[in-house]
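Here is the structure we will look at, set down as structure tokens.
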Amino acid sequence: MEEQQPRTVHGEQEVLARTVAVVMRTAVVTIDVDETVLVAWELLERSGSRHLLVVHPDGRCAGLLDGADVAVACAAPASSLSGLRVGDLLPPAGRRSYMSGRPYATQPTS
């Protein structure tokens, strides 16, 4: 795999247009935004990670999911977990949760 050289980023649009593979220097655990919360829990347990990088199908970053948020979601009744998606745990685009101080998801503007 060819290593890409870092370059200067001039704006938010350029940052949001990058794929995870271009930005990250080390292996990270990623999960698709449409995957179930149960699969997220499984990934966290198997990898030993505390966070999952949530990505859109095209590789763009949708947000960062904290293991604690997954644990809280998994405490819900089992009947509701099969329909709960990873993207449901991310805050709305452009809005930060100031209570948790956790990163938030952003959506590129067209």
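Everything quoted here is computed from the prediction, not taken from an experiment.
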Pairwise distance CD1(Ile31) to CG(Leu44) - rounded to 0.5 angstrom: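 Here the interatomic distance stands at 7.5 Å.
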Atom pair CG/CD of Leu52 and Glu35 - distance to nearest 0.5 Å: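 Result: 11.0 Å between the selected atoms.
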Tell me the closest heavy-atom pair linking [X] and [Y], and the distance in Å.
| X | Y | result |
| --- | --- | --- |
| Leu65 | Ala40 | CD2-CB, 4.5 Å |
| Trp41 | Cys74 | CB-SG, 3.9 Å |
| Leu89 | Ala73 | CD2-CB, 3.8 Å |
| Val54 | Val33 | CG1-CA, 3.6 Å |
| Thr30 | Leu43 | O-CD1, 3.8 Å |
| His56 | Ala62 | NE2-CB, 3.5 Å |

Hydrophobic cluster membership, Leu64 vs Val72, 4.5 Å side-chain cutoff: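 No.
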Test side-chain contact (heavy atoms from CB on, under 4.5 Å) applied to Val86 and Thr36, step by step: CA-CA 6 Å; Val86 168; Thr36 67; over 6 Å; no
Side-chain touch Asp69/Asp66, heavy atoms, less than 4.5 angstrom: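 In contact.
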